Amino acid sequence: MRRVTYSMGVSLDGYIVGPDGDFGWTPPDEDVFRLATDEVRAAGVHLLGRRLYETMLYWETADQNPSLGFSTLEFAAIWKTLPKVVFSTTLSAVQGNARLASGGLAQEIERLRAEPGEGDIAIGGATLAAEAAASGLIDEYRARVYPVLVGGGIPFFPRHERRVDLELLETRTFSSRVVYLRYRVARRPEDGEFAVHSAVAP
């Protein structure tokens, strides 16, 4: 079965965006950018909310700028061809290799898991991820932890007041002091429930 993964840059105190809406503390260096590129390359489809979709529209035309470096052009090419599903109640149309979701998040994930195909089902954005987590749909959390405390904002981990046990699969430390943590959700065979282990909860 295809994995559902959630990957974002996150501050050490657990936020993907600060209290003023700023995420300027997350620009990746070359190694971190390469990691993000590899994650997108491993995805078979990407699920996005409206805000993230609009932020990522930059990459639909970035490959037209010949002054960009190879790694940036590589990411743009991969992102542009990646199928995307956008969840929005305000958009009437989307661009590129994207479609508006025709059902709820759980229904879309169930449909994608049933379809033939390879690659992860990647989720972007805390709001969409929180909905997926509340329904027990996330299989892996992938956090690129930046050495900064922002004091509040939009949390990386969903606040659903239930415990989720996680198994550490991979960790990397980059020269920029960013730490990559990849966790698998440990399912409880008796009921399938999960929650964030106290050691990694924000």
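Note that the structure is predicted; figures quoted are calculated from it, not measured.
Proximity of Leu137 to Arg113: side-chain heavy atoms (C-beta onward) are separated by under 4.5 Å at one or more points. The shortest side-chain heavy-atom distance between Ser175 and Asp29 falls under the 4.5 Å cut-off. Between Ile109 and Leu47 the shortest side-chain heavy-atom distance falls below 4.5 Å. Contact check for Arg2 versus Asp120: no side-chain heavy atoms found under the 4.5 Å cut-off.
Proximity of a side-chain donor or acceptor of Tyr146 to a complementary backbone N or O of Thr26 within less than 3.5 Å is detected. Asp139 places no side-chain N or O within donor-acceptor distance of the main-chain N or O of Thr5, the cut-off being under 3.5 Å.
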* **Val17/Met8 under side-chain contact (heavy atoms from CB on, under 4.5 Å): CA gap, chis, key distance, verdict** => CA-CA 10 Å; Val17 175; Met8 295 287 286; over 6 Å; no
* For side-chain contact (heavy atoms from CB on, under 4.5 Å), just list the numbers for Glu108 and Phe87, CA-CA rounded to whole Å, side-chain angles, deciding distance to a tenth of an Å, and then say yes or no. => CA-CA 10 Å; Glu108 287 286 351; Phe87 292 79; 3.7 Å; yes
* side-chain contact (heavy atoms from CB on, under 4.5 Å) between Ser88 and Tyr53: does it pass, once the steps are laid out? -> CA-CA 10 Å; Ser88 172; Tyr53 162 74; over 6 Å; no
* Go through the steps to decide whether Glu30 and Ser71 satisfy the test side-chain contact (heavy atoms from CB on, under 4.5 Å), and finish with yes or no. => CA-CA 8 Å; Glu30 187 67 25; Ser71 59; 3.0 Å; yes
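More than 12 heavy atoms of other residues, nucleotides or ligands lie within 6.0 Å of CD in Glu115, so this atom counts as buried by the packing criterion. Atom CD of Glu110 has 12 or fewer heavy atoms from other residues, nucleotides or ligands within 6.0 Å.
Pairing each heavy atom of Val150 with each of Gly18, the nearest pair is CG2-CA, 4.1 Å.
Paired with Arg182 under the rule salt bridge (charged side-chain N to carboxylate O under 4.0 Å, His left out), one option of Glu39, Glu167, Glu140 passes, and it is Glu140.
Using a 3.5 Å distance cut-off with no hydrogens or angles, the side chains of Ser7 and Arg144 do pair a donor with an acceptor.
For the salt bridge (charged side-chain N to carboxylate O under 4.0 Å, His left out) condition, no pair includes a residue of residues 147-156, sequence neighbours left out.
In this structure, Leu35 is not a member of the same hydrophobic cluster as Val145, with clusters built from ILVMFWY side-chain heavy atoms closer than 4.5 Å.
Summarising the geometry, atom NZ belonging to Lys84 is positioned 5.5 Å from atom CG belonging to Asn97; distances are rounded to the nearest 0.5 Å.
Under a 4.0 Å N-O distance rule, the pair Arg41/Glu74 qualifies as a salt bridge.
Between Tyr6 and Tyr141, the ring planes lie perpendicular to each other; the angle is over 60°, past the 30° to 60° tilted range.
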